[in-house]
Amino acid sequence: MTLGTRRLFPTIDASKSVDLHSLFPHCNSLRHLQQLHAQILIHGIHLSNLLGSKLADSYFASGHSHYARQAFDQMPSKNPQSWNTMLSGYLNTNTFSEILPLYQLYRAENQNTNSYSLVFIIRACTKLSLKEGKSIHSEAIKFGLETNTYVSPSLINMYHELGSLEDAEKVFKQAPLLNPTICGLMMKGYSKASMDLEVVECFDKMKELRVQLNPCAAVCLARAFGNLAAAKQGRAIHALFIKSALMASNVYLQTSLLDMYMKSGFIECAHKLFGELPCKDIVSWSTMVARLAQCGRGYESLLTFQGMLEESIIPNAVTLSSVLLACSHLGSLLQGKSTHGYILRHGIELDIVAYTALLDMYAKCGSIDMAYKVFDQMQQRNIFTWTAMIGGFGMHGMVSRVLDLFHQMRLVNEMPNSVTFVSLLSALSHSGSVQKGIECFKSMNRDYGLSATNEHYSCMVDLFGRAGLIEEAETLIKNMPIEPSASVWGALLGACRIHKHGELAEQVANKLFALDHDMSDTHVLLSNIYGASETWEMVKKTREKMNERDLQKTLGFSSIEVDKKVYVFGVCDTSKSWDSRIAGLWNVLSIHMKEISFIDFQSRENDVDEVIEEIVYGCTQKFAITF
DNA sequence: ACGTGGCTCG
């Protein structure tokens with residue numbers, strides 16, 4: 001140890017080690033610490049466990065683990081606290097590999113262990129492996145510390161972090177007394193595993209045993225109700241949180257509740273809560289931006305993003321991927337490009353998720369070339385990236401690119417998931433590639449062990465249906481190992497419509513009515529099918545049935561931007577908002593479309609008539625948002 | 001001098 005040329009510390013009487021203690025808070029650099037270290041050695045006070053540990057702790061805090069270890073090794077006799085200081089230091093500096101060997105040394109010198117050490121080791125094992133975790137668990141059992149107040153929550157946390165919920169439950173059930181912390185952590189485990197019902201069950205148990213809620217449990221509960229889209233119960237727990245004084249100054253809980261309301265469609269409640277938040281951070285803003293985009297309120301999402309920028313909150317990759325999602329929902333290439341520009345101007349680093357959202361935006365806004373450019377330039381790609389690009393080519397009708405990309409993906413050993421196959425099948429269906437579609441559908445299970453979901457079956461029914469292979473479609477549905485969903489029957493109904501199978505359509509529609517889902521679309525479709533086959537009596541009946549049941553057609557909309565204005569078209573009866581130029585252009589276009597048989601199948605010609613008929617479309621104008 | 005957690009994105 002060399003001393004600096006200038007002494008910062010006076011020579012202190014060895015008996016007054018207290019004076020050295022008081023110098024710790026004044027060490028703001030490695031140099032200061034080393035000088036203090038020297039003084040301690042000079043005066044022989046390193047014999048003191050206390051000073052040695054404090055020194056090690058300070059070295060860790062300044063990011064110099066190596067010196068911490070040196071100070072520790074210089075202590076001739078160590079007490080449990082000094083060992084624990086080292087374990088804690090390595091844990092906090094993420095040097096997990098040092099922890100177990102150090103603990104081995106400790107145990108070689110000591111017959112005993114203690115709850116502090118165990119907690120550090122358990123936390124290290126959380127980052128290591130289940131095998132090591134289990135061995136430390138048995139160590140805890142050996143010393144009767146398994147149910148210790150600090151040890152058992154750490155064990156529960158470790159097990160669910162390592163993916164073994166069963167082991168977490170075992171520890172949870174062995175706890176002699178349920179406390180808020182243990183319950184909170186168990187709920188966190190369930191929450192991570194998307195076991196929302198179990199989260200709620202755990203909460204019910206807490207109520208029964210009168211265990212108080214803690215913030216962790218509260219957050220999990222809000223998340224669970226959000227996922228279950230059960231905002232009614234959500235409002236009740238919100239009230240409970242307020243009563244339990246959990247809400248104030250807890251941004252995490254506030255954000256979780258915000259998210260819960262948004263996920264379950266209680267937009268008003270969410271807005272109210274959002275408005276009341278005393279300090280909105282990046283996450284609460286991003287939550288609003290994300291959820292608004294996801295529920296199709298792209299314009300509001302962008303406005304919220306703008307509001308966030310006005311508050312001088314710097315968006316991150318998470319925020320921007322949601323903004324990009326809003327742009328793709330609006331179909332606004334201008335807005336999407338402007339977001340891309342914002343990212344470049346402000347040098348915001350995107351992650352793989354955000355780049356995928358950028359690619360997806362370009363694809364969905366019609367700029368497939370830009371989408372591919374982004375894809376091509378990405379340093380890393382995951383299955384979502386590949387799937388988005390495959391889907392992009394698919395929606396542009398570029399089947400050969402779809403198949404080509406899938407092939408490339410397999411060459412780099414990326415494994416397709418269920419969604420990749422939805423994109424593939426949908427592309428093959430739209431291009432009428434029946435044979436390839438069948439092969440792809442078979443391959444999904446045979447080569448990748450993925451079992452077909454209703455979405456895949458819908459694509460297949462659509463594939464057969466478009467090609468006029470109604471019988472094949474019916475057989476496929478009959479042999480489905482799972483209960484066909486409304487979308488599967490919907491695809492068959494669509495096929496009936498194309499090929500004018502009135503009778504089958506009625507049967508299928510009845511299947512759809514039997515399923516508990518939004519029936520208005522089915523009624524409309526059915527009535528259109530009758531219309532196509534000119535069975536006007538049935539059209540009338542269907543329409544009457546709709547009125548009887550008080551069903552309204554779900555409102556659809558589409559949008560386009562012209563000269564920095566976003567035109568939103570939706571079904572509504574106020575046609576005065578129509579710009580006459582747009583109306584004129586629309587007429588020209590529809591006639592032209594008919595002339596060139598724009599619709600892929602001859603039999604779908606009547607679609608065009610129908611669209612023209614529905615020129616009760618209104619148009620609202622919104623200005624592009626600048627940021 | 002050493003110990004138990006929480007929110008947003010494809």
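Using the six-membered ring where Trp is involved, Phe421(A) and Tyr448(A) have ring planes that are tilted, between 30° and 60° apart. Note on ring orientation: taking the six-membered ring where Trp is involved, the planes of Tyr372(A) and Phe393(A) are tilted (angle from 30° to 60°).
A salt bridge does not link Asp376(A) to Lys373(A): none of the charged side-chain nitrogens sits closer than 4.0 Å to a carboxylate oxygen. The pair Lys127(A)-Glu161(A) does not count as a salt bridge, with every side-chain nitrogen at least 4.0 angstrom from each carboxylate oxygen. For Lys205(A) and Glu201(A), the salt-bridge test fails: no basic side-chain N is under 4.0 Å from an acidic carboxylate O. Between Glu139(A) and Arg107(A), at least one side-chain nitrogen of the basic residue sits less than 4.0 Å from a carboxylate oxygen of the acidic one, meeting the salt-bridge criterion. Between Asp259(A) and Arg223(A) there is no salt bridge, since none of the side-chain N atoms of the basic residue sits less than 4.0 Å from a carboxylate O of the acidic one.
In the interface, the side chain of Asn84(A) is not paired with the base of dG3(B) through any donor and acceptor atom under 3.5 Å apart. Donor-acceptor pairing under 3.5 Å, judged by distance alone, is absent between the side chain of Thr85(A) and the base of dC2(B). Within 3.5 Å, a donor on the side chain of Ser115(A) pairs with an acceptor on the base of dG3(B), or the reverse. A donor-acceptor contact under 3.5 angstrom links the side-chain atoms of Asn214(A) to the base of dG5(B). Remark: the Ser88(A) side chain and the dC2(B) base include no donor-acceptor N/O pair separated by less than 3.5 Å.
Ala293(A) comes within contact range of no nucleotide atom at all, as no heavy-atom separation falls under 4.0 Å. Base engagement by Leu50(A) is indicated by at least one non-hydrogen atom pair under 4.0 Å involving a base atom. At the heavy-atom level, Thr181(A) lies under 4.0 Å from base atoms of the strands shown. Using a 4.0 Å heavy-atom distance criterion, Asn250(A) is classed as a base contact. As judged by a 4.0 angstrom heavy-atom cut-off over every strand, Ser53(A) is placed among the base-contacting residues. Across all strands, Asn316(A) comes closer than 4.0 Å to no nucleic acid atom at all (heavy-atom distances). Across all strands shown, Asn179(A) has no heavy atoms under 4.0 Å from either base or sugar-phosphate atoms. Across all strands, Ala354(A) comes closer than 4.0 Å to no nucleic acid atom at all (heavy-atom distances).
Taking the side chain of Arg223(A) as heavy atoms from C-beta on, and the options dG5(B), dC9(B), dT8(B), the nearest nucleotide is dT8(B). Proximity note for Val219(A) (side chain, C-beta onward) versus dG6(B), dG5(B), dC2(B): the nearest is dG6(B). When distances run from any side-chain atom of Arg291(A) to the nucleotides dC7(B), dG3(B), dC9(B), the shortest one goes to dC9(B). In this structure, the nucleotide among dG6(B), dA1(B), dG10(B) sitting nearest to the side chain of Thr385(A) is dG10(B). Across dC9(B), dC7(B), dT8(B), the shortest atom-to-atom separation from the side chain of Ser286(A) is found for dT8(B). Here the nucleotide nearest the side chain of Lys188(A), chosen from dG10(B), dT4(B), dG5(B), is dG5(B). The Gln294(A) side chain lies nearest to dC9(B) when the options are dC9(B), dG3(B), dC7(B). In this structure, the nucleotide among dG10(B), dG6(B), dA1(B) sitting nearest to the side chain of Gln81(A) is dA1(B).
Arg123(A) places its CZ atom 11 Å from the C1' atom of dC2(B), with the value rounded to the nearest Å. Atom C1' of nucleotide dC2(B) and atom CG of Asn148(A) are separated by 14 Å, given to the nearest angstrom. Atom-to-atom, CD of Glu161(A) to C1' of dT4(B) comes out at 13 Å; the value is rounded to the nearest Å. What separates CZ of Phe120(A) from P of dG3(B) is a distance of 5 Å, to the nearest Å. We find that CZ of Phe305(A) is positioned 13 Å from C1' of dC9(B), with the value rounded to whole Å. Atom CD in Gln212(A) sits about 20 Å away from atom P in dG5(B), given to the nearest Å. One interatomic measurement links the two molecules: CG of Leu91(A) to P of dT4(B), which rounds to 8 Å at whole-angstrom precision. Protein atom OH of Tyr355(A) is 18 Å distant from nucleotide atom P of dG10(B), rounded to whole Å.
Once the 5.5 Å centre distance and the 30° plane angle are applied, the aromatic ring of Tyr116(A) is found stacked with the base of dC2(B).
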